[in-house]
Amino acid sequence: MPRPSFRRALAAPAALAVTTAAVLLSTAPSAGAQTAAPAVQAGRYYHTWATDVNVRVSEADPNTCGRHPSVANCPDVRTRLQPSQEFYVYCQGRGQTVGGNPYWLMINGTTTGWIASYYVAYPDNRLPDVPDCPGTSAAGDGARTPVTAAKSARSYGPYSVTAYETVNIRSQPNTSSRAFDQIRAGETRTDALCWTHGETVRDHGYTNDVWIGFTEGWASAVYLKGNEYAGLPTDAKC
């Protein structure tokens, strides 16, 4: 599908891509879970100009998709986006070039996954106020560079977290959604992005409805070392 000509002719005001609608970063939590008001951050909500835009993951190896997003590395389609459908962008990184744009976005609309930035209704290849994804190639010549947080009013990762017991990383912040990966006991992950309220989990004498967002999904903070937010700042809310 050719990109519409207006996309390159537009000036670059973020207002064209930003919506102030209160959009949750996850689907509704299960019954009994606490629900917090969603936070809206300017420059992080976008929509696509195309129809049936694939939101991709790799069911077999989520890390492969995250390291270099592409059709081959992210072969599984979770959902398809339509032009009026808004989504939140966690981060961006270089991957397969689509329509002359080398950037891919890790997003959450109705589910978490990756889309080619080419399909986003914004005039430039790289989105403003969106940090680089952990593990992906950043801006410049494509070399892997340290991730830098977006400059905003709140803290934004990535952060390091350590599991004291093996925990699943799931597509949504609840135990009924599909598990795509695991953090093994004693393992430290350096790509924790933010936290959100989801299903309340009770285990080992702890009760917590906080879930930590990673590049490929969500893990309950009950199984991660640290405080109720697994050591993330209290203002690092998704």
Side-chain angles (χ1 to χ4, degrees), residues 21-41 44-48 53-66 69 74-82 85-91 104-115 130 133-135 156-159 161 163 165-184 187 189 191-203 206-224 228-230 232 236-238:
V23 179
L24 286 174
L25 297 184
S26 62
T27 56
S30 60
Q34 298 178 18
T35 303
V40 175
Q41 184 176 351
R44 301 294 281 281
Y45 288 94
Y46 292 85
H47 65 275
T48 176
V53 175
N54 292 328
V55 179
R56 294 180 171 273
V57 297
S58 172
E59 307 281 12
D61 186 0
N63 290 329
T64 298
C65 184
C74 313
D76 303 302
V77 176
R78 283 188 175 174
T79 189
R80 290 180 172 88
L81 301 175
Q82 305 305 323
Q85 191 171 345
E86 296 168 348
F87 51 84
Y88 179 87
V89 181
Y90 290 105
C91 56
W104 284 63
L105 313 174
M106 205 275 280
I107 70 161
N108 191 295
T110 58
T111 188
T112 301
W114 295 84
I115 68 169
V130 174
C133 295
Y156 198 87
Y159 304 100
V161 298
E165 182 174 307
T166 298
V167 57
N168 289 322
I169 295 182
R170 298 180 177 275
S171 61
Q172 300 293 338
N174 58 63
T175 58
S176 61
S177 60
R178 185 168 180 178
F180 293 99
D181 200 0
Q182 287 185 328
I183 309 174
R184 292 171 177 80
E187 180 183 355
R189 290 282 297 252
D191 62 337
L193 298 173
C194 54
W195 62 267
T196 192
H197 292 291
E199 178 185 351
T200 298
V201 176
R202 297 176 175 85
D203 205 353
Y206 296 100
T207 300
N208 196 352
D209 71 345
V210 171
W211 289 68
I212 307 301
F214 298 88
T215 54
E216 74 266 39
W218 303 88
S220 169
V222 163
Y223 303 101
L224 303 175
E228 62 182 307
Y229 305 110
L232 272 63
K237 190 176 185 301
C238 300

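Remember, predicted model here, so these are calculated numbers, not experimental data. Atoms considered below: every heavy atom in the structure, side chains included; atoms not considered: hydrogens, waters and symmetry mates.
Interatomic distance, CE of Met106 versus CZ of Phe214, reported as 10.5 Å (0.5 Å rounding).
A donor-acceptor pair under 3.5 Å is absent between the side-chain atoms of Asn208 and the main chain of Val222, judged by distance alone. A donor-acceptor pair is defined here as one N or O able to donate and one able to accept, closer than 3.5 Å; no such pair exists between the side chain of Arg78 and the backbone of Val55. Between the side chain of Glu199 and the backbone N or O of Thr175 there is at least one donor-acceptor pair closer than 3.5 Å. Side-chain N or O atoms of Ser177 include one that pairs as donor or acceptor with a backbone N or O of Gln172 at under 3.5 Å. Listed for the Arg56 side chain is no donor-acceptor partner under 3.5 Å among the backbone atoms of Trp114. Looking at Arg170, its side chain never comes within 3.5 Å of a backbone N or O of Ser176 through a donor-acceptor pair.
The shortest distance between side-chain heavy atoms of Thr48 and Ile115 does not fall below 4.5 Å. In this structure, the side chains of Glu187 and Gln182 stay at 4.5 Å or more apart for every pair of heavy atoms. Between Val210 and Thr196 there is no side-chain heavy-atom pair separated by less than 4.5 Å. Tyr206 places none of its side-chain heavy atoms less than 4.5 Å from the side chain of Val201. Put simply, the side chain of Ile183 does not reach to within 4.5 Å of the side chain of Thr166, judged on heavy atoms.
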Q: Kindly indicate, with the supporting measurements, whether the criterion side chain to side chain contact (heavy atoms under 4.5 Å, CB included) is fulfilled by Glu59 and Arg178.
A: CA-CA 10 Å; Glu59 307 281 12; Arg178 185 168 180 178; 4.0 Å; yes

Q: Decide side chain to side chain contact (heavy atoms under 4.5 Å, CB included) for Tyr46 and Ile107; before the verdict, give the C-alpha distance in whole Å, the side-chain angles of both, and the deciding distance to 0.1 Å.
A: CA-CA 10 Å; Tyr46 292 85; Ile107 70 161; over 6 Å; no

**Q.** side chain to side chain contact (heavy atoms under 4.5 Å, CB included) between Tyr159 and Cys194, worked out
**A.** CA-CA 8 Å; Tyr159 304 100; Cys194 54; over 6 Å; no

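Contact record, Ser220 with Trp211: N-CE3, 3.4 Å, taken as the closest heavy-atom pair. The shortest heavy-atom contact between Lys237 and His197 is CE-CD2, 4.1 Å.
Checked against Trp218 for a side chain to side chain contact (heavy atoms under 4.5 Å, CB included), the options Ile169, Thr112, Asn174 give a single hit: Thr112.
Using the six-membered ring where Trp is involved, Trp195 and Tyr229 have ring planes that are tilted, between 30° and 60° apart.
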